[in-house]
Q: 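Let me begin by handing over the structure; questions about it come next.
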Amino acid sequence: MKFIEELIEAVYGDLISNSKIVAIYPGRFQPPGPHHKKTYEWLASQFGKNNVFIATTNEVDPVTSPLSFDEKKAIWKKHGIDGNNVVQVKSPYRSDEIIKKLPADRVIVFALGAKDSDRISIGTKKNGEPTYLQRFDDNKDK
């Protein structure tokens, strides 16, 4: 963890101190477990609790996604996370419902696990345009 903290400080230093970064932690969270809480807490320690949002949907499927948004939010609250930081969105990996409420000068960082990054198209579309999500290392100077 020390290396990651040093990397974030080196790259984001001024932005973090000025609260310009908003971290969005997207996912299905079926259910939100202790490992999810740990990730949220780490993000909050880096960017501030008011700058970290959990983005999840209300899509329910008896087999793959049995919990509703309200049930997931209740679990996050039992983990000690402020319910205002848990936001119902249509698409967690876009999170327009969160982004449209932010000032235009904010930098948005999506915190994805390896499982998510393997399932999501990141880079370039077939037509050559960039995908919505881009890797930080390739864009840190932009």
Q: Which residues satisfy the side-chain contact (heavy atoms from CB on, under 4.5 Å) test with Pro66, sequence neighbours excluded?
A: Gln30
Q: Applying side-chain contact (heavy atoms from CB on, under 4.5 Å), can you list everything that pairs with Pro103, at least two apart in sequence or on another chain?
A: Asp105, Arg106
Q: Say you draw a straight line from CD1 of Ile81 to CZ of Phe53; how long is it, rounded to the nearest 0.5 Å?
A: 13.0 Å
Q: Looking only at heavy atoms, what is the nearest atom pair of Phe110 and Pro26, with distance?
A: CD2-CG, 4.0 Å
Q: Pairs of donor and acceptor atoms involving the side chains of residues 91-100, under 3.5 Å and at least two apart or interchain, shall be tabulated with distances.
A:
{"unit_1": "Tyr93", "atom_1": "OH", "unit_2": "Asp116", "atom_2": "OD1", "d": "3.1"}
{"unit_1": "Ser95", "atom_1": "OG", "unit_2": "Pro92", "atom_2": "O", "d": "2.6"}
{"unit_1": "Glu97", "atom_1": "OE2", "unit_2": "Lys90", "atom_2": "N", "d": "2.9"}

Q: Is there a chain of hydrophobic side chains (I, L, V, M, F, W, Y, each step under 4.5 Å between heavy atoms) that links Ile120 to Val89?
A: yes
Q: Does any pair with a residue in residues 39-63 pass salt bridge (Lys or Arg N to Asp or Glu O under 4.0 Å), and if so which ones, sequence neighbours excluded?
A: Lys37-Glu41
Q: Apply the test side chain to side chain contact (heavy atoms under 4.5 Å, CB included) to residues Val22 and Val109: give CA-CA distance (whole Å), side-chain angles for both, the deciding distance (0.1 Å), then the verdict.
A: CA-CA 6 Å; Val22 171; Val109 175; over 6 Å; no
Q: Measure up the Trp42 and Phe47 rings against each other and bin them: parallel (under 30°), tilted (30 to 60°), perpendicular (over 60°).
A: perpendicular
Q: Under the salt bridge (charged side-chain N to carboxylate O under 4.0 Å, His left out) rule, collect the residues that match up with Lys125, sequence neighbours excluded.
A: Glu129
Q: Can you sort out the partners of Ser121 under side chain to side chain donor-acceptor pair (under 3.5 Å), two or more places apart, ordered by chain and number?
A: none
Q: Would Leu102 and Ile108 count as a side chain to side chain contact (heavy atoms under 4.5 Å, CB included) here? Give the steps.
A: CA-CA 10 Å; Leu102 298 172; Ile108 309 299; 3.4 Å; yes
Q: Please name all residues satisfying salt bridge (charged side-chain N to carboxylate O under 4.0 Å, His left out) with Arg28, sequence neighbours left out, ordered by chain then number.
A: none
Q: Quick check on the hydrophobic clustering: are Val107 and Leu43 connected, directly or via other members, by side-chain heavy-atom contacts under 4.5 Å?
A: yes
Q: Heavy atoms only: give me the nearest Phe69-Val87 pair and the separation to one decimal.
A: CE1-C, 3.5 Å
Q: Using only atom types and a distance under 3.5 Å, with no angle test, would you say the side chain of Thr56 pairs donor to acceptor with the backbone of Gly27?
A: yes
Q: Holding to side chain to side chain donor-acceptor pair (under 3.5 Å), I want the full list of residues that pass it with Ser68, two or more places apart in sequence or in another chain.
A: Glu71
Q: Determine, step by step, whether Ile75 and Leu67 satisfy the side chain to side chain contact (heavy atoms under 4.5 Å, CB included) criterion, reporting the C-alpha distance in whole Å, the side-chain angles of both residues, the deciding distance to 0.1 Å, and the verdict.
A: CA-CA 10 Å; Ile75 294 169; Leu67 300 176; 3.9 Å; yes
Q: Can you tell me how far CG of Leu133 sits from CZ of Arg135, rounded to the nearest 0.5 angstrom?
A: 9.5 Å
Q: Taking all non-hydrogen atoms of both residues into account, name the closest pair between Gln88 and Thr57 and its distance.
A: CG-C, 4.5 Å
Q: Before giving the answer on side chain to side chain contact (heavy atoms under 4.5 Å, CB included), spell out for Tyr40 and Asn85 the whole-Å C-alpha distance, their side-chain angles and the decisive distance to 0.1 Å.
A: CA-CA 10 Å; Tyr40 172 87; Asn85 293 65; 3.4 Å; yes
Q: What side chain to side chain donor-acceptor pair (under 3.5 Å) pairs are there with at least one residue in residues 73-83, not counting sequence neighbours?
A: Asp82-Asn84
